[in-house]
Amino acid sequence: MKKKVLAFLLAGSVAAAAGCSDSNANSGSGSSSASGAQELNVCLASEPATLDPALNSAVDGATLCAHLFSGLAKWDQNSSGVLEIVPDLATELPAGVENADGTVTYTYTLRDGAKWSDGKDVTANDFVFAWNRAAGPELAADYCYMLEIVKGYEEMWEEDDSGNLKNPDAKLAVTAKDDKTLEVTLNNAASYWNELLAFPSYYPVREDVVANESWATDPATYVSNGAYKMTAWDHNSVITIEKNDNYVDAAKVTMPKINFYLSDDANNMLTNFKNRSWQLIDDVPTNEMASLKAEYPDEYKVAGQLGTYYVCWNINTPLLPASSNLTGADKAKAEAEIRRALALVIDRNYIVDSIAQGGQVPASSFVAMGLTDADGSQFYQNAGSNSFTGYYDVSADAYQSNWNSAIETLKKYYTYDEASGKFTDIPSMTYLYNTSEGHKAIGENIQGIFAGLGINMNLENQEWATFLETRKAGDYTVARNGWLADYNDPISFLDMWTTSSGNNDVQYGKGDHANAAVYSLDCTDLGVDIKVDNGTWAQTYDALMSAIKSCTDNNTRYQLMHRAEDMLMETGCLTPIYYYTDIYMIDSGVKGFFSNPLGYKYFMYCTIG
């Protein structure tokens, strides 16, 4: 899932309390409303792009949706503090029944008393509608592929030679046996199925509500079924949610009201935290980190996350000089080699130690640290086939040799001036990032390194929603990016790069790349019937993803996932920078808070002492 904010600012930046200042919030640690009830003031990020659970693709939006909606399952924390997936609206999470054709059928019973925030009953048909909506071509949600495991998904998207849907009336294999009984059939068993049920794409929405296309932008039309209901949205300022008395577990919700203040200004966040206007902030300035750790030892938090901060390249943007005569497969291979060479000159250790300063780990692969392999070891430690871990040697001692190797590779394609030590004909490029001094700082660092090679790279920032659309449309050359796992399986970092994925910002298999027959893949040694020479992205990578999702042998499945990451990294379009940590500050008086490794934060069981 996309991560919006980055927790640092350039050292020496001037502190300023702009945007949502303390005048917009109740003062004092542990705020109370006029009636004396507690309320919590938090700031995760700026204005969310959407709060439609099927359309959201950002972590901050997912946190809000997790408070506003209730699916069949949810993340929870047990009495020992261990995170687990537990039933939510389902009475239980049963084992599936394997059918003769290898498909697996699950049957769920909804709990008594499940209601929408307007008092209407939640029914099994609401799930049927919502899942088909989230999966279907009409909505074309970025995360539609999260439902690919459900039988019928492939038929929903199948096209004829003219690009028209073959089966416009196709539906997922999910049915309502009655108002309280839901049956769903998967293509095959999936160990992460229960985690998918806790993901926002699987939340129910009501057909009559979403018929209004702007339903998710106005509290007056925002009908949800979770622990909270939305009562106010002052756009670009604050979203207020209040306890939903119709929620099936309303008696367990201890925080009556939460104000989600909207800001991407880390200095502003810190000001409001220090004066106790806000009880949690999800970003802090780098130049304050050392002092904050000392001054607030019990409130400054660094938690692990399953995520990677990286730079992505638009695969359709030309990189060769105008004088190059390379075409076709030769051109594609050359540009991939160029991107990999440029990845070598980025000093990840400097970024982590001198810019980010939040305990991040230099990344040598795209799939994040913390995700396990078939044998229980970490997936990233087994990535690549080098003498070092991963696809790049990110040790500090290797930087000079990485630089030298990059120079030699680039000399194959560009003119090198020995006197200046720079290349003279590398095309200019623009680095795109969303508004944040932290992202800007990394961009400026890369800009300076590239300038040392003779590359003119401009920086362009855009606000979050515009940035997402620009990147998604492929209207860029190189951009900052970040991804957090959607569930604890490497596939959540890999299936986003299929041709039709809404999160495929690199544009694999799209535009000119759609017809680039430059990839070869042979999986027959693993007993998988894929052998392609000089195929397209769809014929190779997309086929590999389908094979992974239908594979029931765990060892084979993980070997296939390693081959998928090999393909991705070979293109050079994904330049990993570091593995994320989650840095935030929380008032010591707040009890009952927890977060998960996917970046979601949970406030419904909080109290303020």
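- Between L306 and N488, the shortest heavy-atom distance links the atoms CD1-OD1, 4.2 Å.
- Atom CD of E84 is surrounded by more than 12 heavy atoms from other residues, nucleotides or ligands within 6.0 Å.
- The heavy-atom pair separating M255 from Y228 by the smallest distance is O-OH, 2.6 Å.
- Residues K229 and Y222 form no side-chain contact, since every pair of their non-hydrogen atoms from C-beta on lies 4.5 Å or further apart.
- When each of R480, Q462, R471 is checked for a side-chain hydrogen bond (donor to acceptor under 3.5 Å, both in side chains) with N434, only R480 meets the rule.
- Considering only heavy atoms from C-beta on, Y558 comes within 4.5 Å of N554 through its side chain.
- Going from atom OH of Y145 over to atom OG of S500 covers 10.0 Å, rounded to the nearest 0.5 Å.
- Classification of R111 and D249 as a salt-bridged pair holds, one side-chain N sitting under 4.0 Å from a carboxylate O.
- When only modelled atom types and interatomic distance are considered, T466 and E463 share a side-chain donor-acceptor pair under 3.5 Å.
- Not one N or O on the side chain of Q305 forms a donor-acceptor pair closer than 3.5 Å with the backbone of P597.
- In this structure, the ring of F127 has its center no less than 6.0 angstrom from the ring center of Y203.
- The two residues D505 and W497 make their nearest non-hydrogen contact at N-CZ3, 3.6 Å.
- Taking the centre of each ring, Y600 and W75 stay at or above the 6.0 Å mark.
- At a threshold of 4.5 Å between non-hydrogen side-chain atoms, the residues L110 and T91 do not count as touching.
- Side-chain contact of S263 with D265: a donor-acceptor pair under 3.5 Å is absent, judged by distance alone.
- Without hydrogens or angle criteria, E183 side chain to V174 main chain gives no donor-acceptor distance under 3.5 Å.
- A donor-acceptor contact shorter than 3.5 Å links the side chain of N225 to the backbone of S70.
- Looking at Y108 and T181, their side chains never come closer than 4.5 Å, going by heavy atoms from C-beta outward.
- Side-chain polar atoms of N56 and D52 form no donor-acceptor pair below 3.5 angstrom.
- Y202 places a side-chain N or O within donor-acceptor distance of the main-chain N or O of M146, the cut-off being under 3.5 Å.
- With I608 as reference, Q38 is the one residue of K591, Q38, E39 to meet the side chain to side chain contact (heavy atoms under 4.5 Å, CB included) rule.
- Taking both residues in full, the closest heavy atoms of T308 and F493 are given as OG1-CE2, 3.9 Å, listed atom of the first, atom of the second, then distance.
- D121 has no carboxylate O lying under 4.0 Å from a charged side-chain N of R206, or vice versa, which leaves the two without a salt bridge.
- Pairing each heavy atom of V122 with each of K115, the nearest pair is CG2-C, 3.4 Å.
- For the 3.5 Å distance criterion, the side chains of S588 and D298 fail to qualify, holding no donor opposite an acceptor.
- There is no side-chain donor-acceptor pair under 3.5 Å between N481 and Y309.
- Judged purely by atom type and a 3.5 angstrom limit, E47 has no side-chain atom pairing as donor or acceptor with the backbone of H235.
- In summary, D489 and R557 engage in a salt bridge, as defined by a charged side-chain N under 4.0 Å from a carboxylate O.
- For Y106, the ring-ring contact (aromatic ring centres under 6.0 Å, His included) test picks out W193, with sequence neighbours left out.
- With a 6.0 Å radius and a threshold of 12 heavy atoms from other residues, nucleotides or ligands, K74 has its NZ atom above the threshold.
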N212 vs S214, test: side chain to side chain donor-acceptor pair (under 3.5 Å). Steps then yes/no. CA-CA 6 Å; N212 175 0; S214 61; 3.0 Å; yes
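- By the 4.0 Å N-to-carboxylate-O rule, R276 lies close enough to E299 to be salt-bridged with it.
- Under the 4.5 Å side-chain criterion, counting only non-hydrogen atoms from C-beta, F199 is not in contact with C65.
- The aromatic ring centroids of H67 and Y247 lie 6.0 Å or more from each other.
- Screening V590, N259, L280, D587 for a side chain to side chain contact (heavy atoms under 4.5 Å, CB included) involving L40 leaves a single residue, V590.
- At distances below 3.5 Å, not a single donor-acceptor pair connects side-chain atoms of W483 with backbone N or O atoms of G307.
- Distance alone, capped at 3.5 Å, places no donor-acceptor pair between the D373 side chain and the G376 backbone.
- Looking at K549 and E148, a side-chain N of the basic residue comes within less than 4.0 Å of a carboxylate O on the acidic one, giving a salt bridge.
- Considering only heavy atoms from C-beta on, L598 stays 4.5 Å or farther from D486 through its side chain.
- Aromatic pair F593/Y602: centroids not less than 6.0 angstrom apart.
- The backbone N or O of W215 lies less than 3.5 Å from a partner atom in the side chain of T221, making a donor-acceptor pair.
- Taken from CG in L89 to CG in L72, the straight-line distance is 7.0 Å, to the nearest 0.5 Å.
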Using the side chain to side chain donor-acceptor pair (under 3.5 Å) rule, take T254 and T607 through it: C-alpha gap first, then chi angles, then the decisive distance, then the call. CA-CA 6 Å; T254 55; T607 58; 5.8 Å; no
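- Among Y310, Y579, Y380, the one residue that satisfies the side-chain hydrogen bond (donor to acceptor under 3.5 Å, both in side chains) test with S365 is Y579.
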Could you walk me through whether N188 and I149 pass the side chain to side chain contact (heavy atoms under 4.5 Å, CB included) check? CA-CA 7 Å; N188 49 265; I149 189 68; 3.9 Å; yes
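- Nearest heavy-atom pair across F129 and V205 is CD2-O, 3.6 Å.
- Inter-residue side-chain proximity for L196 and Y487 is flagged as met; some heavy-atom pair is nearer than 4.5 Å.
- When the shell of 6.0 Å around NZ of K293 is examined, it contains more than 12 heavy atoms from other residues, nucleotides or ligands.
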Tell me, with the steps shown, if I491 and I548 meet side chain to side chain contact (heavy atoms under 4.5 Å, CB included). CA-CA 8 Å; I491 195 68; I548 291 168; 3.7 Å; yes
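- Using a 4.5 Å heavy-atom cutoff, the side chains of V361 and M369 are in contact.
- No donor-acceptor pair closer than 3.5 Å links the side chain of Y300 to the backbone N or O of M289.
- A donor atom on one side chain and an acceptor atom on the other are not found under 3.5 Å apart for T231 and T240.
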W116/D126 under side chain to side chain contact (heavy atoms under 4.5 Å, CB included): CA gap, chis, key distance, verdict: CA-CA 11 Å; W116 293 97; D126 293 328; 3.0 Å; yes
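- The existence of a salt bridge linking K601 and D282 is confirmed by a sub-4.0 Å separation between a basic side-chain nitrogen and an acidic carboxylate oxygen.
- Between the CG atom in D283 and the CD1 atom in I583 there is a gap of 8.5 Å [rounded to 0.5 Å].
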Tell me, with the steps shown, if V42 and W278 meet side chain to side chain contact (heavy atoms under 4.5 Å, CB included). CA-CA 5 Å; V42 304; W278 297 348; over 6 Å; no
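- A side-chain donor-acceptor contact under 3.5 Å links K243 to the backbone of A250.
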